[in-house]
Amino acid sequence: MAVKDRDRFSTTTRLRLLGEQTAARVYRSQTKRQARRSRLTGRAALLAMVLCTLVVALAYPMRQYVSQRADIAKLQREREQARERVEQLRDLKARWKDDAYAEQRIRERLHYVMPGETGFIVIDPDAAKPAHADLRAADRPWYANLWDGVDKSDHPDRAARAAGPGRAVPSDRSPSAN
């Protein structure tokens with residue numbers, strides 16, 4: 001036993017025990033760090049997975065919600081425009097019930113004149129500008145020449161063209177002439 005006690009207090013034994021204890025402490029601290037890291041990593045992974053699941057679960061309903069809100073706003077704008085159009089049409093209908101307004105519009109649109117009046121049609125002064133038909137025939141494609149020939153032969157109002165731009169042409173139309 002004396003040899004064992006002596007070995008127990010020897011420098012080599014102490015150094016060996018001290019090295020073993022230090023190694024055990026280092027091993028335990030590394031194990032704790034690894035355990036902490038793995039727990040933190042596991043928690044972070046779980047949190048990330050939960051967040052991803054929530055994002056995926058809520059993405060489609062949120063997209064639908066936003067889309068439906070946009071549709072609702074569009075339909076409300078269309079409804080307001082329809083209401084305004086209905087009001088305009090009601091006003092127009094009320095105006096057409098007035099005989100003076102109806103007579104004015106008929107005379108304006110159909111060029112009617114009352115018996116004893118002389119009607120005039122004023123030709124548009126912008127018609128004097130060179131039109132597509134005024135270009136030389138050689139400068140245009142053949143189908144344009146053909147179509148212009150058809151238009152000229154089919155045009156009923158030759159008197160207006162013959163009078164020239166900016167001149168008035170007497171109109172013989174009246175409600176009794178029809």
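The model shown is predicted, which means the values in this text are computed figures rather than measured ones.
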- With sequence neighbours excluded, give me every side-chain hydrogen bond (donor to acceptor under 3.5 Å, both in side chains) pair touching residues 17-26. none
- Query: Quick one: side chain to side chain donor-acceptor pair (under 3.5 Å) partners of Tyr143, sequence neighbours excluded?
  - Reply: none
- Item | Residues, nucleotides or ligands: over 12 heavy atoms within 6.0 Å of Arg79 CZ | yes
- Message: If you define the side chain from C-beta out and look only at heavy atoms, does anything of Gln104 sit under 4.5 Å from Arg95?
- Response: no
- Query: Got a sec: does the OH of Tyr101 have more than 12 other heavy atoms crowding it under 6.0 Å?
  - Reply: yes
- Message: I'd like to know whether CH2 of Trp96 has more than 12 heavy-atom contacts from other residues, nucleotides or ligands below 6.0 angstrom.
- Response: yes
- Message: Suppose we screen for salt bridge (charged side-chain N to carboxylate O under 4.0 Å, His left out). Which residues come up paired with Glu80, at least two apart in sequence or across chains?
- Response: Arg83
- Query: Between CD of Glu78 and CG of Asp71, what distance do you get to the nearest 0.5 Å?
  - Reply: 9.5 Å
- Note on the structure: Between Thr118 and Val113, the two heavy atoms sitting closest are C-CG1, 4.5 Å
- Message: Would you compute the distance between atom CG of Leu75 and atom CD of Gln68 and round it to the nearest 0.5 angstrom?
- Response: 11.5 Å
- Item | Side-chain heavy-atom pair Gln88, Asp91 within 4.5 angstrom cut-off | no
- Message: Testing Leu17, Thr11, Thr12 one by one against Leu15 for a side chain to side chain contact (heavy atoms under 4.5 Å, CB included), which residue passes?
- Response: Thr11
